[in-house]
Amino acid sequence: MARFGTTADYSRIRHWIEERGGHPARVKDARDSETVGIDFSSAPMEEISWDEFFQGFDGSRLAFLHRTKAEDDAARLGRIVRRRKHH
């Protein structure tokens with residue numbers, strides 16, 4: 001059974017993405033410099049540095065939701081989500 005976790009830890013995010021052949025990106029010609037994503041293909045996204053990625057990541061208060069345990073450990077089941085507000 002798959003398990004999921006959410007993290008804002010830079011090292012864990014970078015390791016998870018790079019291990020699966022991805023890189024930080026943003027939508028090409030995006031007006032908002034905080035619009036960041038992950039690119040695993042040649043989609044219409046431009047590659048950016050990890051520093052730019054994490055600046056936008058923190059600026060938009062994002063977290064990374066990802067599979068933590070699976071039969072296929074290389075599964076690319078991960079996405080960027082909004083961080084939950086703490087009360």
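Heavy atoms only: backbone and side chains are in, while hydrogens, waters and symmetry mates are out. Remember, predicted model here, so these are calculated numbers, not experimental data.
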Stepwise side-chain contact (heavy atoms from CB on, under 4.5 Å) check, Ile13 with Phe54: CA-CA 10 Å; Ile13 295 167; Phe54 287 120; 4.1 Å; yes
Heavy-atom donor-acceptor pair, Glu52 side chain to Ser49 backbone, under 3.5 Å: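 Yes; at least one donor-acceptor contact below 3.5 Å.
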Expected output: side-chain Arg83 to main-chain Leu62 donor-acceptor under 3.5 Å: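 Side chain of Arg83 to backbone of Leu62, a donor-acceptor pair under 3.5 Å: yes, one is there.
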Approximate separation, where rounding is to 0.5 Å, of [X] [atom1] and [Y] [atom2]:
{"X": "Ile48", "Y": "Phe53", "atom1": "CD1", "atom2": "CZ", "result": "7.0 Å"}
{"X": "His66", "Y": "Ile17", "atom1": "NE2", "atom2": "CD1", "result": "9.5 Å"}
{"X": "Arg61", "Y": "Arg82", "atom1": "CZ", "atom2": "CZ", "result": "10.0 Å"}

Parallel, tilted or perpendicular, as decided by the 30° and 60° cut-offs, for the rings of Tyr10 and Phe57: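 Plane angle over 60°, so perpendicular.
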Salt bridge (charged side-chain N to carboxylate O under 4.0 Å, His left out) partners of residues 6-17, not counting sequence neighbours, each pair once: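 Only Arg14-Glu18 qualify under salt bridge (charged side-chain N to carboxylate O under 4.0 Å, His left out).
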Listed partners of Ser11 passing side chain to side chain donor-acceptor pair (under 3.5 Å), at least two apart: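 Here no residue qualifies.
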Set of side chain to side chain contact (heavy atoms under 4.5 Å, CB included) partners for His23, sequence neighbours left out: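 If we apply the side chain to side chain contact (heavy atoms under 4.5 Å, CB included) test to His23, skipping adjacent residues, the hits are Ala25, Asp39, Glu47.
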